[in-house]
Structures are given as structure tokens and as C-alpha cells.
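Reading through the C-alpha cells given below for one structure.
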Amino acid sequence: DWLTKGRVEMPADKRVNGVPFFYFRTYVGAARKAFRAGLIGVDELIRVVRQAQADLAPVPRDDAKWADLRADTELAVVALGAALDAP
């Protein structure tokens with residue numbers, strides 16, 4: 001079961017009748033996907049990253065929640081970099 005095997009596989013994002021369905025583990029992951037879809041801007045994505053890190057501050061750094069947040073934050077930084085480098 002999922003408790004003993006580790007991470008749960010994420011379903012693929014999809015569109016149903018033109019409406020996007022995004023799957024994510026953290027608010028940063030959701031914000032990154034919203035950013036890539038043009039639903040939020042750079043400032044909003046950065047604000048979500050900062051707030052998610054602040055909200056998780058009381059949680060021990062070796063908790064799986066931090067691993068998910070770190071992974072999604074790294075992807076968000078890549079998305080930001082690509083957007084800022086774009087002509």
C-alpha cells in the first residue's frame with residue numbers, strides 16, 4: 001500500500017472539455033502550474049513559495065513535506081528562470 005511503498009504516483013494533468021485539471025502535492029506545485037498556464041504572474045508565484053516555506057517552518061526539515069516542497073520549489077525556480085529569460 002501507499003504507506004509502505006513511499007510516494008504516491010501523481011496522475012497526469014489533463015483537460016476535460018477545455019478545462020485544465022492540474023494535480024499537485026504542494027501549493028507551490030499548484031502555483032507553478034498556474035504560472036505556466038498564464039493564470040498568475042511572477043510576483044504571485046514568488047509570494048506562494050515564500051508563504052509555503054514560512055508555513056512549513058515549524059515542521060522538522062527531514063519531514064516528507066519538506067522534500068515535496070523542495071522538489072516543487074526547484075521546479076518553480078526553473079519555470080521562473082525560463083520565463084525571465086524569454087524574449
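No experiment lies behind these values; they were computed from the predicted model shown.
Residue-environment remark: CZ (Arg25) exceeds the threshold of 12 foreign heavy atoms within 6.0 Å. With a 6.0 Å radius and a threshold of 12 heavy atoms from other residues, nucleotides or ligands, Arg50 has its CZ atom at or below the threshold.
Separating the CH2 atom in Trp66 from the CZ atom in Arg61 is a distance of 3.5 Å, to the nearest 0.5 Å. How far CG of Asp13 is from NZ of Lys33: 3.5 Å, rounded to the nearest 0.5 Å. Note: Leu45 CG to Leu39 CG = 12.0 Å, rounded to the nearest 0.5 Å. Rounding to the nearest 0.5 angstrom, the gap separating the CZ atom in Arg70 from the CD atom in Gln53 is 10.5 Å.
In terms of heavy-atom proximity, Ala79 sits nearest to Phe35 at O-CE2, 3.7 Å. Considering all non-hydrogen atoms of both residues, Phe24 and Gly29 come closest at CB-C, 3.9 Å. Considering all non-hydrogen atoms of both residues, Ala76 and Arg32 come closest at N-CD, 3.6 Å.
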Applying side chain to side chain contact (heavy atoms under 4.5 Å, CB included), run through Leu69 and Tyr27 and close with a yes or a no. CA-CA 9 Å; Leu69 183 60; Tyr27 286 122; over 6 Å; no
Evaluate Val48 against Glu44 for side chain to side chain contact (heavy atoms under 4.5 Å, CB included), listing each step before the verdict. CA-CA 6 Å; Val48 171; Glu44 292 79 13; 5.6 Å; no
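In terms of hydrophobic clustering, with Ile, Leu, Val, Met, Phe, Trp and Tyr side chains grouped at heavy-atom distances under 4.5 Å, Val49 and Leu75 are assigned to different clusters. Residue Val19 is not grouped with residue Phe22 when hydrophobic side chains (ILVMFWY) are merged at heavy-atom distances under 4.5 angstrom, including chains of intermediate members. Two different hydrophobic clusters hold Val77 and Leu84 under the rule that ILVMFWY side chains link at heavy-atom gaps under 4.5 Å. Ile40 and Leu80 fall within the same hydrophobic cluster, where Ile, Leu, Val, Met, Phe, Trp and Tyr residues are linked whenever their side-chain heavy atoms come under 4.5 Å apart, directly or through other members.
Checked against side chain to side chain donor-acceptor pair (under 3.5 Å), Thr26 has the following partners two or more places apart in sequence or in another chain: Asp72.
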